[in-house]
Peer 1: 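The structure is given below, and queries will be raised subsequently.
Position 1 is the first residue of the sequence; numbering continues from there. Not measured: the values here are computed from a predicted model.
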Amino acid sequence: MVLLVYDVTNPDTFQLLRQWLEGVKARNEGRNLTGVVVANKVDLENRAQVSSQNGQEFAASIGFEFFEVSTQQNKGVEEPFKALARLHTENYEQRLAQLAEID
């Protein structure tokens with residue numbers, strides 16, 4: 001499970017997402033990675049330098065789900081974690097089914 005977070009007011013954090021993901025992949029060779037991309041500080045609309053569309057497109061390009069949150073306003077903060085929990089459960093059930101086929 002991977003949680004990639006960037007600050008919409010700081011494009012450098014967005015640009016580093018792919019590098020961070022590659023680092024995680026390098027440490028988890030052969031594993032199917034799932035996760036979410038989280039755009040933080042969406043409450044600072046007037047200072048945003050990374051568009052929602054850019055975040056959505058990046059998440060889609062790597063097969064991750066996309067979320068927008070404002071930790072300052074406590075908006076949308078739980079959803080990425082709920083998604084990770086759901087993804088974990090789905091992966092676990094899938095693995096159990098694969099193991100059951102071996103028997």
Side-chain angles (χ1 to χ4, degrees):
M1 308 265 72
V2 180
L3 173 72
L4 295 173
V5 181
Y6 68 95
D7 174 351
V8 299
T9 69
N10 183 345
D12 292 340
T13 62
F14 182 73
Q15 295 302 321
L16 287 169
L17 290 180
R18 192 165 301 279
Q19 181 180 335
W20 293 335
L21 180 60
E22 292 306 318
V24 171
K25 284 181 177 180
R27 290 173 186 83
N28 291 278
E29 261 187 69
R31 290 183 140 175
N32 181 27
L33 296 177
T34 57
V36 299
V37 174
V38 179
N40 189 26
K41 298 187 181 180
V42 296
D43 55 295
L44 301 176
E45 296 168 3
N46 59 333
R47 292 179 38 204
Q49 295 185 35
V50 180
S51 72
S52 177
Q53 182 177 350
N54 285 350
Q56 290 173 16
E57 289 173 356
F58 173 73
S61 76
I62 60 173
F64 282 18
E65 295 182 37
F66 177 73
F67 296 90
E68 295 179 300
V69 305
S70 167
T71 55
Q72 179 69 30
Q73 295 178 345
N74 197 27
K75 290 187 179 178
V77 175
E78 292 182 9
E79 283 71 18
F81 296 100
K82 288 177 182 178
L84 287 173
R86 179 183 42 77
L87 289 168
H88 176 72
T89 301
E90 290 170 1
N91 288 343
Y92 178 76
E93 289 172 351
Q94 197 173 47
R95 182 70 178 133
L96 285 179
Q98 290 172 344
L99 290 172
E101 291 176 6
I102 294 173
D103 292 339

Peer 1: For residues Thr9 and Gln49, determine if any side-chain heavy atom of one lies less than 4.5 Å from a side-chain heavy atom of the other.
Peer 2: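 In short, these two side chains do not touch, never coming nearer than 4.5 Å.
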
Peer 1: Go through the structure and list residues passing side-chain contact (heavy atoms from CB on, under 4.5 Å) with Ser61, not counting sequence neighbours.
Peer 2: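 Expected list: Arg18, Phe58.
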
Peer 1: Mind checking whether Asp7 and Asn40 have side chains closer than 4.5 Å, heavy atoms only?
Peer 2: no

Peer 1: With sequence neighbours excluded, tell me which residues meet side chain to side chain donor-acceptor pair (under 3.5 Å) with Gln53.
Peer 2: Glu57

Peer 1: Report yes if some heavy atom in the side chain of Val37 is under 4.5 Å from a heavy atom in the side chain of Tyr6; otherwise report no.
Peer 2: yes

Peer 1: My understanding is that only residues two or more places apart in sequence, or in another chain, count here; which of them pass side-chain contact (heavy atoms from CB on, under 4.5 Å) with Glu78?
Peer 2: Lys82

Peer 1: If you link ILVMFWY side chains whenever their heavy atoms are less than 4.5 Å apart, which other residues fall into the same cluster as Leu96? By chain and number, please.
Peer 2: Tyr92

Peer 1: State, with a plain yes or no, whether a side-chain heavy atom of Leu3 is found less than 4.5 Å away from one of Leu84.
Peer 2: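 Contact flag for Leu3/Leu84 side chains = yes.
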
Peer 1: Tabulate below the donor-acceptor pairs under 3.5 Å that side-chain atoms of residues 62-73 make, not counting sequence neighbours, or state none.
Peer 2:
unit_1	atom_1	unit_2	atom_2	d
Glu65	OE1	Arg86	NH2	2.8
Glu65	OE2	Arg86	NH1	3.4
Glu65	OE2	Arg86	NH2	2.5
Glu68	OE2	Ser52	OG	2.9
Ser70	OG	Asp43	OD1	2.8
Ser70	OG	Gln73	N	3.0

Peer 1: Do the side chains of Val36 and Val2 join up, straight or via other hydrophobic residues, at under 4.5 Å, putting them in one cluster?
Peer 2: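 Each belongs to a different hydrophobic cluster.
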
Peer 1: For residues Leu87 and Leu21: do they belong to one hydrophobic cluster (side chain heavy atoms under 4.5 Å, members Ile, Leu, Val, Met, Phe, Trp, Tyr)?
Peer 2: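 Different clusters: Leu87 never reaches Leu21 through Ile, Leu, Val, Met, Phe, Trp or Tyr contacts under 4.5 Å.
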
Peer 1: Evaluate the side chain to side chain contact (heavy atoms under 4.5 Å, CB included) criterion for residues Asn91 and Met1: first the C-alpha distance (whole Å), next the side-chain angles of each, then the deciding distance (0.1 Å), finally the verdict.
Peer 2: CA-CA 10 Å; Asn91 288 343; Met1 308 265 72; 3.6 Å; yes

Peer 1: Looking at every heavy atom in both Leu4 and Trp20, which two are closest together, and how far apart are they?
Peer 2: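 Between these two residues, the closest heavy atoms are CD2-CB, 4.2 Å.
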
Peer 1: Which residues pass the side chain to side chain donor-acceptor pair (under 3.5 Å) test with Asn10, sequence neighbours left out?
Peer 2: none

Peer 1: May I ask whether Leu17 and Val50 are part of the same hydrophobic cluster, defined by side-chain heavy atoms of I, L, V, M, F, W, Y residues being less than 4.5 angstrom apart, directly or through others?
Peer 2: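 In one cluster with Leu17: Val50, yes.
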
Peer 1: Tell me, with the steps shown, if Glu22 and Gln19 meet side chain to side chain contact (heavy atoms under 4.5 Å, CB included).
Peer 2: CA-CA 5 Å; Glu22 292 306 318; Gln19 181 180 335; 5.8 Å; no

Peer 1: Output the distance between atom CZ (Arg31) and atom NZ (Lys25), rounded to the nearest 0.5 Å.
Peer 2: 14.5 Å

Peer 1: Report yes if some heavy atom in the side chain of Leu44 is under 4.5 Å from a heavy atom in the side chain of Val8; otherwise report no.
Peer 2: no

